[in-house]
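Here the structure is a predicted model, which is why all the values come from computation and not from measurement. Residue numbers begin at 1 in each chain, while the letters A, B, ... track the order of the sequences.
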2 protein chains.
Amino acid sequence: MGIDRSDMLPVYLQLASVLRQQITAGVHRPGAALPSEDGIGRVHGVGRMSVRRALDVLRHEGLITTERGRPAVIRTHPERTFVELAGVDRLVARMPTHEQARHMRIQVGVPLLEVHRADGSLETYPADLFGACGTPRT
Amino acid sequence: MGIDRSDMLPVYLQLASVLRQQITAGVHRPGAALPSEDGIGRVHGVGRMSVRRALDVLRHEGLITTERGRPAVIRTHPERTFVELAGVDRLVARMPTHEQARHMRIQVGVPLLEVHRADGSLETYPADLFGACGTPRT
DNA sequence: TACTATTTGTTCGTATGTATA
DNA sequence: GTATACATACGAACAAATAGT
């Protein structure tokens, strides 16, 4: 359960696994705040650097959000809207660049959906709010 | 073009933008290696910590891959296979956990595609090798 | 309003380990 | 075996945002 210094796995990945399990197990609920970085470090006996790297992992997995001045918060999962794909339409998913994310107000750890329509047009959606489905047969 | 210490934007994000533009502009080609971290730091007059954080940004955007002992490499974009979606099928994209990525051999910065079929089955695909399309009308 | 304490964000330095060439 | 280069992990200092007094 705790941090094993003799383990080959890096400390920050071990800590990330511990925190991830706590989150998925419901020890921390969506919308709730995690303990402070110093607090987490004291509890597990690791430096702040390792705590921050562990939180980086969880943030890039889309599990938490962080803001300056306040502890990390478990991300809540909003309802998704599903975009219809016709047979010729093509959907690809990739991570947005930092500048695209800033411009489109996409949070860290959220993929970008690109829908290339048959007419050549391109639509982009944040993957935490949108998904895709096929066209229903009429 | 260079790093502006008076700019509000953090050094590592400025450096990430510079390197990203060099990559997209073709200064560095896909498959080619970037200069070493120390080299990049000397050229732009920043510490190795800032260089590593900039490379972290680019790695999580899916632009580069890094391996211990060798300089960062511009990622090449392989051909995508497109999975068909029927009307009732649902596709969502999210980032895999670090453990899922290890298990499925998904590289950093690559989203995971989850296809929830009408029969309740779940298929998962790495988003750098797979996309989605609708069912063609017969 | 203003001040203070807490907390996260950025940047530096140093040391050690490990993989590559 | 040596040199280069990336990965991990510690500490330290300061900036900036938050929250409570």
Length of the line joining [X]:[atom1] and [N]:[atom2], which is rounded to integer Å:
{"X": "H44(A)", "N": "dA9(D)", "atom1": "NE2", "atom2": "C1'", "value": "17 Å"}
{"X": "L13(A)", "N": "dA9(D)", "atom1": "CG", "atom2": "P", "value": "8 Å"}
{"X": "D38(B)", "N": "dA5(D)", "atom1": "CG", "atom2": "C1'", "value": "8 Å"}

**Message:** Which residues pass the side chain to side chain contact (heavy atoms under 4.5 Å, CB included) test with R5(A), not counting sequence neighbours?
**Reply:** I3(A), V11(A), V46(A)

**Nucleic acid contacts - residues 54-68 of chain A versus DNA chain C, non-hydrogen atoms under 4.0 Å** = T66(A), E67(A), R68(A)

Are there any protein N/O atoms within less than 3.5 Å of an N/O atom in nucleotides 19-21 of chain D, and if so, which ones and at what distance?
| residue | atom | partner | partner atom | Å |
| --- | --- | --- | --- | --- |
| dA19(D) | OP1 | R70(A) | NH2 | 2.8 |

**Whether E67(A) side chain and A72(A) backbone form a donor-acceptor pair below 3.5 Å** = no

**Message:** Show every side chain to side chain donor-acceptor pair (under 3.5 Å) that has at least one partner inside residues 31-43 of chain B, sequence neighbours left out.
**Reply:** E37(B)-R48(B), E37(B)-R52(B)

**Request:** Only pairs at least two apart or in different chains count here, so list each side chain to side chain donor-acceptor pair (under 3.5 Å) that has a residue in residues 86-96 of chain B.
**Result:** D89(B)-R117(B), R94(B)-Q100(B), R94(B)-E114(B)

**Request:** Can you sort out the partners of Y12(B) under ring-ring contact (aromatic ring centres under 6.0 Å, His included), two or more places apart, ordered by chain and number?
**Result:** none

Could you list, one pair per line, each protein nitrogen or oxygen that sits under 3.5 Å from a nitrogen or oxygen of nucleotides 11-13 of chain D, together with the distance?
none

**Per S50(A) side chain, nearest of listed nucleotides dA5(D), dA9(D), dT8(D)** = dA9(D)

**Prompt:** Of all the choices, dC10(D), dC6(D), dT8(D), which nucleotide is nearest to the side chain of R5(A) once you look at every atom?
**Reply:** dC10(D)

**Item:** Sugar-phosphate, base or nothing in reach of R53(A), heavy atoms under 4.0 Å
**Value:** sugar-phosphate

**Asked** Do Q107(A) and T65(A) have a side chain donor and acceptor closer than 3.5 Å?
**Response** no

**Asked** Which is the 5'-most and which the 3'-most nucleotide of DNA chain C that has an atom under 4.0 Å from a heavy atom of chain B?
**Response** dT10(C) to dA21(C)

Let me have the donor-acceptor pairs involving side chains of residues 76-83 of chain B, under 3.5 Å, with sequence neighbours excluded, atom names and distances please.
| residue | atom | partner | partner atom | Å |
| --- | --- | --- | --- | --- |
| R80(B) | NE | A127(B) | O | 2.9 |
| R80(B) | NH2 | A127(B) | O | 3.1 |

**Message:** Working note: H116(A) + E123(A), criterion side-chain contact (heavy atoms from CB on, under 4.5 Å); need CA distance, chi angles, decisive distance, verdict.
**Reply:** CA-CA 7 Å; H116(A) 302 259; E123(A) 304 163 7; over 6 Å; no

**Request:** Check the pair V57(A), L13(A) against side-chain contact (heavy atoms from CB on, under 4.5 Å), reporting the backbone distance first and the verdict last.
**Result:** CA-CA 8 Å; V57(A) 171; L13(A) 286 181; 4.2 Å; yes

**E84(A) to P136(A) - nearest heavy-atom pair and separation** = OE2-CD, 3.6 Å

**Request:** List the atom of A16(A), the atom of L58(A), and the distance in Å for their closest heavy-atom pair.
**Result:** O-CD2, 3.8 Å

**Asked** Parallel, tilted or perpendicular for H60(A) and H60(B), by the 30°/60° rule?
**Response** parallel

**Item:** Closest-nucleotide 5' rank along DNA chain C - winner of M8(A) and L9(B)
**Value:** L9(B)

**Fill in**
Sorted by chain and number, sequence neighbours left out, salt bridge (Lys or Arg N to Asp or Glu O under 4.0 Å) with R53(A) holds for none

**Message:** What verdict does the side-chain contact (heavy atoms from CB on, under 4.5 Å) test give for T124(B) and L113(B), after you've listed the backbone C-alpha separation in whole Å, the side-chain angles of each residue and the deciding distance to 0.1 Å?
**Reply:** CA-CA 5 Å; T124(B) 55; L113(B) 297 182; over 6 Å; no

**Item:** Identified pairing partner of dG1(D), criterion: Watson-Crick or G-U wobble below 3.5 Å
**Value:** none

**Message:** Using the side chain to side chain donor-acceptor pair (under 3.5 Å) criterion, which residues pair with D119(B)? Sequence neighbours excluded.
**Reply:** S121(B)

**Message:** Does anything in residues 95-106 of chain B come within less than 4.0 Å of DNA chain D? Heavy atoms only, and list the residues if so.
**Reply:** none

**Item:** Note: E99(A)-R102(A) ion pair, threshold 4.0 Å (strictly below)
**Value:** no

